[in-house]
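Every chain is numbered from 1 and lettered A, B, ... according to where its sequence line falls, protein lines coming before strand lines.
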Amino acid sequence: MPELPEVEITRRGIAPAIKGIAVKKVVIRQRRLRWPISAGLARELPGETVDSVDRRAKYLLLGTTAGTLITHLGMSGSLRALSNPGPAQKHDHVDIVFANGTCLRFTDPRRFGSMLWTRRDPLRHRLLARLGPEPLHPEFDGEYLYKSARGRRGAIKLHIMNAATVVGVGNIYASEALYAAGINPRRAAGRISLPRMQLLSDTIKLVLENAIKVGGTTLRDFTGGDGQPGYFQLELNAYDRDGQPCPGCGSAIRRIVIGQRSTFYCPHCQT
DNA sequence: ATGCGGACCTGTTAGC
DNA sequence: TGCTAACAGGTCCGCA
């Protein structure tokens with residue numbers, strides 16, 4: 001379920017329920033995720049208090065004195081704080097049970113997600129150490145994006161989806177931001193002017209901020225804490241609209257494949 | 001260094 | 001109705 005907005009909504013949803021609370025036990029039913037869950041998690045997390053609930057890129061970081069739990073939701077993962085957890089279902093792989101009875105439940109049918117326990121600075125973890133800037137931070141701007149693209153001949157869509165360039169831009173928002181900026185997703189990254197990169201960095205911020213504002217409702221099967229289904233509150237102008245009229249000019253939105261991922265754009269408006 | 005394809009999994013939907 | 005193929009929000013890794 002994750003694009004950055006969904007991860008941020010998840011963070012905001014679970015933080016009040018678990019911050020400042022001690023972990024009682026960790027129940028692991030399936031340790032084979034993207035990477036196997038290490039034995040250290042169940043051994044070292046119980047007894048610790050969750051001091052912080054942070055996000056870096058699409059990773060959620062639960063900080064304690066002893067170490068940090070780094071969680072990624074992959075393609076189909078979710079994390080819910082339940083006060084009355086029912087019996088675990090098929091894909092409920094991990095429960096983190098707190099002293100106040102709250103159960104933080106990790107569910108992930110495709111198991112592309114991950115749960116990593118580290119005793120060191122999580123930002124130095126090999127998966128986090130080389131990440132680019134956060135898209136909503138000021139250091140991510142047109143000038144940065146322009147410079148990062150010098151000499152790059154690959155498609156701009158792949159460039160903005162590359163976590164070394166900027167984190168958190170997933171397949172849906174890449175299409176949406178490029179649509180809003182009027183840039184053809186296939187255009188070589190290194191052949192886009194500074195003003196257009198300024199526009200693109202702005203549209204990336206806008207599209208992500210808006211999605212967070214409306215509750216991270218990008219995804220078909222995402223339901224926030226209030227049970228409001230996603231995908232409908234957020235207006236998608238290009239993504240998943242193959243053959244439908246472009247809101248700007250009326251010509252048909254087209255679906256192409258870039259880097260093995262579906263890509264949607266308006267051949268008339270995006271150059 | 002950059003760029004590309006393959007890999008990891010399961011579930012849902014479109015098509016015959 | 002039933003079977004099969006295509007496709008789905010991510011991103012790491014190895015090879016050219």
Return a table of donor-acceptor pairs under 3.5 angstrom between the side chains of residues 174-190 of chain A and protein atoms on other chains or two or more places apart.
{"residue": "S175(A)", "atom": "OG", "partner": "F264(A)", "partner atom": "N", "Å": "3.3"}
{"residue": "E176(A)", "atom": "OE1", "partner": "N237(A)", "partner atom": "N", "Å": "2.9"}
{"residue": "E176(A)", "atom": "OE2", "partner": "N237(A)", "partner atom": "N", "Å": "3.3"}
{"residue": "E176(A)", "atom": "OE2", "partner": "A238(A)", "partner atom": "N", "Å": "2.9"}
{"residue": "E176(A)", "atom": "OE2", "partner": "Y239(A)", "partner atom": "N", "Å": "2.7"}
{"residue": "Y179(A)", "atom": "OH", "partner": "G248(A)", "partner atom": "N", "Å": "3.4"}
{"residue": "N184(A)", "atom": "OD1", "partner": "R186(A)", "partner atom": "N", "Å": "2.8"}
{"residue": "R187(A)", "atom": "NE", "partner": "T271(A)", "partner atom": "O", "Å": "2.7"}
{"residue": "R187(A)", "atom": "NH2", "partner": "T271(A)", "partner atom": "O", "Å": "2.5"}

Atom pairs and distances, side-chain donor-acceptor, residues 42-49 of chain A, under 3.5 Å, sequence neighbours left out:
{"residue": "E44(A)", "atom": "OE1", "partner": "W117(A)", "partner atom": "NE1", "Å": "2.9"}
{"residue": "E44(A)", "atom": "OE2", "partner": "R119(A)", "partner atom": "NH1", "Å": "3.4"}
{"residue": "E48(A)", "atom": "OE1", "partner": "A66(A)", "partner atom": "N", "Å": "3.4"}

Pairs of donor and acceptor atoms involving the side chains of residues 124-131 of chain A, under 3.5 Å and at least two apart or interchain, shall be tabulated with distances.
{"residue": "H125(A)", "atom": "ND1", "partner": "L127(A)", "partner atom": "N", "Å": "3.1"}

Enumerate the protein-to-nucleotides 12-16 of chain B contacts in which both atoms are nitrogen or oxygen and the separation is below 3.5 Å.
none

For nucleotides 4-7 of chain B, list the nitrogen or oxygen atoms of the protein found under 3.5 Å from its nitrogen or oxygen atoms, one pair per line.
none

Could you pull out the protein-nucleic contacts involving nucleotides 14-16 of chain C (nitrogen or oxygen on both sides, under 3.5 Å)?
none

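At least one side-chain heavy atom of F106(A) sits less than 4.5 Å from a side-chain heavy atom of L73(A).
The residue R261(A) sits close to a base: some heavy atom pair falls under 4.0 Å. Heavy atoms of R126(A) sit under 4.0 angstrom from primed sugar atoms or phosphate atoms, though from no base atom.
In this structure, L73(A) atom CG and dC8(B) atom P are separated by 22 Å, rounded to whole Å. Remark: P of dG10(C) and CH2 of W35(A) are 15 Å apart, rounded to the nearest angstrom. At whole-Å resolution of the value, NE2 in H159(A) and P in dT2(B) are 10 Å apart. When rounded to the nearest whole Å, the span between CG of L131(A) and P of dC12(C) equals 7 Å. What separates CZ of R31(A) from P of dC9(B) is a distance of 16 Å, to the nearest Å. One interatomic measurement links the two molecules: CD1 of I256(A) to P of dC7(C), which rounds to 14 Å at whole-angstrom precision.
Partners of R110(A) by side-chain hydrogen bond (donor to acceptor under 3.5 Å, both in side chains), not counting sequence neighbours: none found. Residues satisfying the ring-ring contact (aromatic ring centres under 6.0 Å, His included) test with Y265(A), not counting sequence neighbours, are none. In terms of the side-chain contact (heavy atoms from CB on, under 4.5 Å) criterion, Q260(A) has no residue partners (sequence neighbours excluded). Take D54(A) and apply the side-chain hydrogen bond (donor to acceptor under 3.5 Å, both in side chains) test, not counting sequence neighbours, and it matches no residue.
In this model, the phosphate group of dT11(C) is approached by a side-chain N or O of H72(A) to a distance below 4.0 Å at OP1 or OP2. Remark: S262(A) is in phosphate contact with dA8(C), judged by side-chain N or O atoms under 4.0 Å from OP1 or OP2. Contact annotation: K90(A) side-chain N/O to dG11(B) OP1/OP2 distance is under 4.0 Å. Side-chain N/O atoms of H91(A) include one lying less than 4.0 angstrom from OP1 or OP2 on dG11(B).
Near-neighbour residues of DNA chain C inside residues 107-119 of chain A, defined by a heavy atom below 4.0 Å, number-ordered: R110(A), F112(A).
Other residues, nucleotides and ligands contribute only 12 or fewer heavy atoms inside 6.0 Å of the CG atom of N84(A). The local environment of CD in E209(A) is crowded, with over 12 non-hydrogen atoms from other residues, nucleotides or ligands closer than 6.0 Å. Heavy atoms of other residues, nucleotides or ligands lying less than 6.0 angstrom from CZ of R153(A) number 12 at most.
Helical stems in DNA chain C, defined as runs of 3 or more consecutive Watson-Crick or G-U wobble pairs with both donor-acceptor distances under 3.5 Å, are listed by first residue as B:2-8 with C:10-16, B:10-16 with C:2-8.
Comparing dG3(B), dA8(C), dC12(C) by their nearest atom to the side chain of R152(A) picks out dG3(B).
Judged by distance alone, the side chain of E3(A) and the main-chain N or O of I172(A) form a donor-acceptor pair under 3.5 Å.
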